[in-house]
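Letters go in sequence order (proteins before strands), and every chain restarts at 1. The figures here come from the full heavy-atom set of this structure, side chains too, leaving out hydrogens, waters and symmetry mates.
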Protein chains: 2
Amino acid sequence: MSSILQTPQTVTTAAIPLPASPVNLADARIRGQWRPSAEQIADWSLDARIVHMFAEIGTPGTVARNGELYAEDDAVDNLYRIESGVIRTCKILNDGRRQIDGFYMAGDIVGLEFGRRHLYCAEAVSRATFRVVRMRTVHAQIETGGDMSCALWEMTARELYRSQQHILLLGRRSAQERVGCFLLAMANRIVGKDVLDTAGAAFDLPMSRQDMADYLGLTIETVSRTFTQLEATGVIALESARTLRLCNRSVLREMNG
Amino acid sequence: MSSILQTPQTVTTAAIPLPASPVNLADARIRGQWRPSAEQIADWSLDARIVHMFAEIGTPGTVARNGELYAEDDAVDNLYRIESGVIRTCKILNDGRRQIDGFYMAGDIVGLEFGRRHLYCAEAVSRATFRVVRMRTVHAQIETGGDMSCALWEMTARELYRSQQHILLLGRRSAQERVGCFLLAMANRIVGKDVLDTAGAAFDLPMSRQDMADYLGLTIETVSRTFTQLEATGVIALESARTLRLCNRSVLREMNG
DNA sequence: CGTCGTTTTGATCAAATTCAAAAAGTGTGG
DNA sequence: CCACACTTTTTGAATTTGATCAAAACGACG
């Protein structure tokens, strides 16, 4: 395919300056890992339509700790919106190794897959409450031509983003970095994004060391030891096994690469 | 819909300023990883609408080896459909560590993200040809109410599926298992799914050991040694560094867990 | 108080990385 | 076709990280 004409419009190379952007790139790079840039997040405002759908036609429910929302290979026919508690999605290899794919908390949507059957199961880390709608209903809404399918796309894209960050975490990071990134992300998630510099805010980790290990691709002992190290170096302070404070966020942020 | 753009475009490649840093640049990601169940795959027939869109309004283009389709943080404004060659998507941490997110081959769609800016860059493992359409055009199609948004959802869901498999690979598998799974997936992708038991078919790996290492979260040395081991145990046969045959697929399949 | 599940700590061990160098493969120009 | 430069791949030895095995400490709860 010999082409003589080069249209500079489409394909950019490293040599071509990026379009001017309000976002400081260096900054974006620093926090690239766990938090999408503010800009990115803004783009992803979850369609209010989804929220309303759950509020209006969702059926409330609860799961006890370790209870199952659905199992691996179950048909995909419900969509859940978590209202309280924490859900984990995970897969168990045939020799017993477990990989946790993600943790879902209030406001998160669980159960969204395009295929017919679930690849991962969904279980409650702690007792959780939620609302369910049937996928059939969601599909019906799509048929009506609203922008429901766009909302589904958005949600799936967000999941994809999380997965990609997770890949980065598992592929190229040390145990310290994994735990550090995880804690920073959890803190942001739990105490909120606005208290970035309120180093003092203590919060509770909802999941066990084993859950963290299975999310981070480490053993429970390594996770525990890493906590001890991070405490020894003053990066975090443990008030109890599950309650901690981030004392040095900049160190944690650096771990983000 | 008459095509507005018909001029083939070429991305200059030889001139791409790849810093000759000590950092090794490895290549990209694999589509069709880890075999979804046949059922799963069947559900995911890619909307023919997308294919036709590229055929009709896509602008052809090429990238040379190591050339860039887009960089990290570039605006998301094109969608690419690969026609030949291999593309990798990857991210480089600030200390030079690289993670390859996926490898894309003929028929795959590259560049799909919901956010405004790319999280990963896309580079050519080998000279590649493709067709581009502007995201703006795609969005316009969505507005018209067709099922384009459903197709986008489908594609994103497929990406998500692959990412999740990748997580499983990186989180809980040994070097041998990683390489084994990878080779099986590549063989399925390259020689086709129908020759599952044609153990003898030799095929070429399009990417370097470094690329594989960066995809698998290993070092290049470990990948190389693992090849040697797999050959020694008769699981694979290496005709040259890049050409191989899978001699014992059942062993490889077991590595999948 | 005793039991059970979780977390921490300790002592090895193994897998993968790192550092270093040789070998094999590619491309160029004479 | 060969020599030379350069890149990719393989191999070796030493080192490091995290895993494994084992047991103690801690906490919640009947």
Side-chain angles (χ1 to χ4, degrees), chain A residues 64-66 93 95-99 125-127 169-180 182-183 204-232 236-244 255, chain B residues 14 18-27 64-66 95-99 125-127 169-180 182-183 204-232 236-244 255:
Chain A
R65 189 168 118 88
N66 291 328
L93 301 186
D95 62 354
R97 287 177 289 184
R98 185 177 71 152
Q99 177 66 48
V125 168
S126 58
R127 178 190 162 78
L169 186 78
L170 295 174
R172 286 293 175 211
R173 299 191 126 95
S174 69
Q176 280 231 5
E177 289 171 323
R178 294 185 201 196
V179 173
F182 178 80
L183 291 181
D204 271 14
L205 290 170
M207 72 288 292
S208 69
R209 297 283 189 269
Q210 185 65 63
D211 281 338
M212 287 184 251
D214 288 342
Y215 178 81
L216 299 172
L218 300 169
T219 60
I220 183 175
E221 294 97 330
T222 299
V223 171
S224 180
R225 275 185 250 269
T226 305
F227 267 79
T228 307
Q229 286 165 27
L230 289 175
E231 187 175 31
I236 64 172
L238 284 168
E239 291 179 9
S240 76
R242 301 261 185 129
T243 309
L244 58 88
M255 289 184 185
Chain B
L18 277 179
S21 65
V23 175
N24 266 331
L25 293 181
D27 292 347
R65 188 167 117 88
N66 291 329
D95 62 355
R97 286 176 291 183
R98 186 178 71 154
Q99 178 65 47
V125 168
S126 58
R127 179 190 162 78
L169 186 80
L170 296 173
R172 287 293 175 210
R173 299 190 127 98
S174 68
Q176 279 232 5
E177 290 171 321
R178 294 186 202 195
V179 173
F182 178 80
L183 291 181
D204 270 15
L205 290 171
M207 72 289 293
S208 69
R209 297 282 187 269
Q210 186 65 62
D211 281 338
M212 288 184 252
D214 287 342
Y215 177 81
L216 298 171
L218 300 169
T219 60
I220 183 175
E221 294 97 331
T222 299
V223 171
S224 180
R225 275 184 249 270
T226 304
F227 267 79
T228 307
Q229 287 165 27
L230 289 175
E231 187 175 32
I236 65 172
L238 283 167
E239 291 178 11
S240 77
R242 301 263 187 127
T243 309
L244 58 90
M255 290 183 183

Review point. Given axes from five pairs at either end, by how many degrees does the helix from C:dC1-D:dG30 to C:dG30-D:dC1 bend, rounded to 10°?
Key: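 Between the axes fitted at each end of the helix from C:dC1-D:dG30 to C:dG30-D:dC1 lies an angle of 30°.
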
Check your understanding: If you check every side-chain atom of B:Arg209, which of C:dA16, C:dT8, D:dT10 has the closest atom?
Key -> D:dT10

**Study point:** Nucleotide of D:dT10, C:dT6, C:dA16 approaching B:Leu238 most closely (side-chain heavy atoms)
**Key:**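 The nucleotide sitting nearest to the side chain is D:dT10.
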
Take the protein atom [atom1] of [X] and the nucleotide atom [atom2] of [N], then report the distance between them rounded to whole Å.
| X | N | atom1 | atom2 | value |
| --- | --- | --- | --- | --- |
| A:Arg172 | C:dT18 | CZ | C1' | 13 Å |
| B:Ile236 | D:dT9 | CD1 | P | 14 Å |
| A:Glu231 | C:dT7 | CD | C1' | 13 Å |
| B:Leu218 | D:dG18 | CG | C1' | 14 Å |
| A:Arg173 | D:dT17 | CZ | C1' | 17 Å |
| A:Asp211 | C:dT7 | CG | P | 9 Å |
| B:Leu205 | D:dT8 | CG | P | 15 Å |
| B:Leu170 | D:dG18 | CG | C1' | 16 Å |

If the condition is side-chain contact (heavy atoms from CB on, under 4.5 Å), which residues does [X] pass it with, not counting sequence neighbours?
| X | result |
| --- | --- |
| A:Ala237 | A:Arg245, A:Cys247 |
| A:Ala64 | none |
| A:Arg98 | A:Arg88, A:Cys90, A:Ile92, A:Ile100, A:Glu123, A:Gln210, A:Asp211, A:Asp214 |
| A:Arg97 | A:Leu93, A:Asp95, B:Arg172, B:Glu177 |

Check your understanding: Please walk me through it: do A:Arg242 and A:Ser208 pass side chain to side chain contact (heavy atoms under 4.5 Å, CB included)?
Key -> CA-CA 8 Å; A:Arg242 301 261 185 129; A:Ser208 69; 3.5 Å; yes

Review point. Counting any heavy atom closer than 4.0 Å, what does A:Arg65 reach on the DNA or RNA strands: base, sugar-phosphate only, or nothing?
Key: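 Here A:Arg65 touches the backbone only, sparing every base.
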
Exercise for review: Decide side chain to side chain contact (heavy atoms under 4.5 Å, CB included) for A:Phe182 and A:Val223; before the verdict, give the C-alpha distance in whole Å, the side-chain angles of both, and the deciding distance to 0.1 Å.
Suggested key: CA-CA 11 Å; A:Phe182 178 80; A:Val223 171; over 6 Å; no

**Study point:** side chain to side chain contact (heavy atoms under 4.5 Å, CB included) evaluation trace for B:Leu183 with B:Leu205
**Key:** CA-CA 9 Å; B:Leu183 291 181; B:Leu205 290 171; 4.0 Å; yes

What is the minimum heavy-atom distance between [X] and [Y], and which atoms define it?
| X | Y | result |
| --- | --- | --- |
| A:Met255 | A:Arg173 | O-NH2, 3.1 Å |
| B:Gln99 | B:Leu170 | NE2-CD1, 4.2 Å |
| A:Leu216 | A:Arg178 | O-NH1, 2.8 Å |

Exercise for review: Examine D:dT8: is either OP1 or OP2 under 4.0 Å from a nitrogen or oxygen in the side chain of B:Arg242? Give yes or no.
Suggested key: no

Review point. Among residues 220-230 of chain A, which residues get a heavy atom nearer than 4.0 Å to DNA chain D?
Key: A:Glu221, A:Thr222, A:Arg225

**Study point:** Residue pairs, two or more places apart or on separate chains, that pass salt bridge (Lys or Arg N to Asp or Glu O under 4.0 Å) and touch residues 216-232 of chain B
**Key:**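 Not a single pair qualifies under salt bridge (Lys or Arg N to Asp or Glu O under 4.0 Å).
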
Exercise for review: Using the side chain to side chain contact (heavy atoms under 4.5 Å, CB included) rule, take B:Arg209 and B:Phe227 through it: C-alpha gap first, then chi angles, then the decisive distance, then the call.
Suggested key: CA-CA 10 Å; B:Arg209 297 282 187 269; B:Phe227 267 79; 4.0 Å; yes

Could you list all N or O pairs between the protein and nucleotides 21-25 of chain C that sit under 3.5 Å apart?
none

Practice item. Could you grab the distance from atom OG1 of B:Thr228 to atom CG of B:Leu238, nearest 0.5 Å is fine? Key: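 Spacing of OG1 (B:Thr228) from CG (B:Leu238) equals 7.5 Å.
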
Practice item. Mark up nucleotides 23-30 of chain D, 5' to 3', with B wherever a protein heavy atom is under 4.0 angstrom from a base atom, S wherever such an atom reaches only the sugar-phosphate, and - elsewhere. Key: --------

Review point. Got a sec, which residues hit side-chain hydrogen bond (donor to acceptor under 3.5 Å, both in side chains) with B:Thr222, two or more places apart in sequence or on another chain?
Key: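 Partners of B:Thr222 by the side-chain hydrogen bond (donor to acceptor under 3.5 Å, both in side chains) criterion, ordered by chain and then number, come out as B:Thr219.
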
